[in-house]
Amino acid sequence: MTHAVELPGWHLAYSGKVRDLYVPEGATLAEAPEMLMVASDRVSAFDRVLEPAIPGKGALLTALTRWWTDRLGLPTQLADGADDRTPEAVRGRAMLVRTLDMLPVECVVRGRVTGSGLKEYQRVGSISGVALPEGLRDGDALPEPIYTPAWKAPQGEHDENVSFERTVELVGAADADAIRDMSLSVYAMGAAIAEEAGLVLADTKFEFGRDRLTGELVLADEVLTPDSSRYWDAEALAEGRVESFDKQIVRDWLAASWDGQGEPPRLPDDVVERTSARYRELYDRLTASAG
Ligand code: ATP
Ligand code: MG
């Protein structure tokens, strides 16, 4: 499903690159105590939504978020009785959640140096102000996982890596400490479980929000999905190959086939199929070995 669906009784309040957010008819995102977060099958890379969609992706992202939240025993963002009140048309790829006041920080944790982190490291020797040893190469393990927050830019702007000190200015010292500590601890738990499934959790991104009634900070958004995380096959990695369980297949194909100008080209069928199969395999491996 590429386009947001019409849901009787619900109003489409926001459509991100991948998710569509609905609130009850007549309500606004700012005020509605609950919202429906629907994961589409859309895939994005380099900040662009690509065609066609990846069949089954939205359902897998949703299932994984729920599985991880349960598996790690984390406080859930789900609203009371969420499943019974989720419209039939999107069940399986939707979560009815409490609308939280989101903190404008993307809480990135990295156990490996790659992607945009590698680029920053190669330019300035650090990531988000975290100094790193010299000589790290793509995919290398860091001495220990690092927290490299980004400022969640308003719609349409690029998120920007920031120092921990900057997050203190953005959300205050207490919350900045809390989300850093929770991020590092959830990453460590997730990486250990992934390891049992023969997977390396190279990096991930969390978002936290505050419950409007209780004031509690809750891990929100998607949790340890292949859209928010890089998963690699451990065995292949030991042999020097990176086999990704995320949209790296899409990124690699696009990087090789597009110069970044104008409209990105349409993904070939085999890229779509391989990506779809990878998402499914990741889910199966995680839930089978560590259920
Ligand atoms: P894009 O992915 O297009 O760059 P985005 O990250 O804003 O933009 P999505 O990830 O598709 O778009 O949409 C999810 C949005 O919902 C995010 O802005 C996220 O911060 C927000 N969100 C996630 N969980 C909750 C929640 N429980 N309460 C309130 N907002 C939430
Ligand atoms: Mg997002």
Side-chain angles (χ1 to χ4, degrees), residues 14 16-19 21 29-30 35 37 44 46-47 65 68-69 72 74-77 97-133 136 141-191 201-225 227-230 246:
Y14 175 74
K17 280 191 288 293
V18 173
R19 261 91 48 83
L21 307 183
L29 210 45
M35 63 176 210
M37 190 156 60
S44 75
F46 307 116
D47 267 345
T65 293
W68 274 117
T69 306
L72 300 177
L74 304 169
T76 183
Q77 61 185 321
V97 299
R98 283 172 285 147
T99 311
L100 306 168
D101 289 326
M102 300 301 289
L103 304 187
V105 179
E106 307 232 320
C107 301
V108 178
V109 181
R110 300 171 197 271
R112 303 264 170 168
V113 57
T114 189
S116 67
L118 176 70
K119 287 205 183 110
E120 186 167 333
Y121 165 76
Q122 287 170 337
R123 219 172 44 238
V124 296
S126 61
I127 310 176
S128 295
V130 180
L132 295 173
L136 292 174
L142 293 162
E144 58 185 309
I146 57 170
Y147 177 64
T148 58
W151 172 63
K152 197 166 159 53
Q155 221 182 320
E157 291 172 48
H158 266 289
D159 298 342
E160 179 190 319
N161 281 359
V162 293
S163 65
F164 175 72
E165 289 70 32
R166 179 76 187 119
T167 69
V168 171
E169 290 169 13
L170 286 166
V171 302
D175 284 358
D177 278 347
I179 60 178
R180 175 197 56 200
D181 295 351
M182 286 193 277
S183 297
L184 286 167
S185 114
V186 175
Y187 172 84
M189 293 190 287
L201 180 61
D203 56 31
T204 193
K205 180 215 66 172
F206 301 113
E207 290 185 34
F208 294 88
R210 170 165 276 108
D211 187 291
R212 291 171 180 175
L213 295 176
T214 65
E216 183 189 20
L217 280 178
V218 179
L219 180 55
D221 205 55
E222 54 187 333
V223 178
L224 295 169
T225 71
D227 267 14
S228 65
S229 324
R230 283 192 176 87
D246 48 46

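Quick note: residue numbers are just sequence positions, from 1.
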Next on the checklist: One thing to verify: whether R112 and D203 come together as a salt bridge, which I'm taking to mean a side-chain N less than 4.0 angstrom from a carboxylate O.
Outcome noted: no
### Query
Between S128 (side chain) and P149 (backbone), is there a donor-acceptor pair under 3.5 Å?
yes
Can you tell me if D159 uses its side chain to pair, donor with acceptor, with the backbone of A153 under 3.5 Å?
yes
Heavy atoms of L136 and A141 approach each other most closely as CD2-O, 4.2 Å
Value for CZ (F206) from CG (L103), rounded to nearest 0.5 Å, stands at 14.5 Å
- Is a side-chain N or O of Y121 found less than 3.5 angstrom from the main chain of T114, in a donor-acceptor match? no
Value for CZ (R19) from CE (M35), rounded to nearest 0.5 Å, stands at 8.5 Å
Shortest non-hydrogen pair, L184 vs P145, comes out as CD2-O, 4.0 Å
Output for pair (S163 OG, R166 CZ), nearest 0.5 Å, gives 8.0 Å
Criterion side chain to side chain contact (heavy atoms under 4.5 Å, CB included) on Y14 and L29, from CA distance to verdict: CA-CA 8 Å; Y14 175 74; L29 210 45; 4.1 Å; yes
Worksheet entry | Sidechain-backbone polar pair: R98 side chain, T76 backbone, donor-acceptor under 3.5 Å | yes
Point to revise | Residue pair T204, V223: steps toward the side chain to side chain contact (heavy atoms under 4.5 Å, CB included) verdict | key: CA-CA 9 Å; T204 193; V223 178; over 6 Å; no
Exercise for review: Would you check, one step at a time, whether the test side chain to side chain contact (heavy atoms under 4.5 Å, CB included) holds for F208 with M102?
Suggested key: CA-CA 6 Å; F208 294 88; M102 300 301 289; over 6 Å; no
The single option from T65, T69, V186 that satisfies side chain to side chain contact (heavy atoms under 4.5 Å, CB included) with L219 is V186
Residues P104 and V171: closest non-hydrogen pair is CD-CG1, 3.7 Å
Between V109 and T148, is there a side-chain heavy-atom distance shorter than 4.5 Å?
no
Open item on the list: With a 4.0 Å cut-off on N to O distance, would you call R210 and E216 a salt bridge?
Closed with: no
State whether the side chain of W151 and the backbone N or O of E160 hold a donor-acceptor pair below 3.5 Å, judged by distance alone.
no
Separation between CZ (R110) and CD1 (I146), nearest 0.5 Å, reads 6.5 Å
field: Check: V218 main-chain N/O paired with Q77 side-chain donor or acceptor under 3.5 Å
entry: no
Between the CZ atom in R123 and the CD atom in E120, the distance rounded to the nearest 0.5 Å is 5.5 Å
For A150 and N161 the tightest heavy-atom approach is CB-OD1, 3.7 Å
Rounding to 0.5 Å, atoms CE (M182) and OH (Y147) come to a distance of 9.5 Å
In short, A220 meets G209 closest at the heavy-atom pair CB-N, 4.4 Å
Could you walk me through whether D227 and D246 pass the side chain to side chain contact (heavy atoms under 4.5 Å, CB included) check?
CA-CA 7 Å; D227 267 14; D246 48 46; over 6 Å; no
Side-chain (T225) to main-chain (S228) donor-acceptor, under 3.5 angstrom = yes
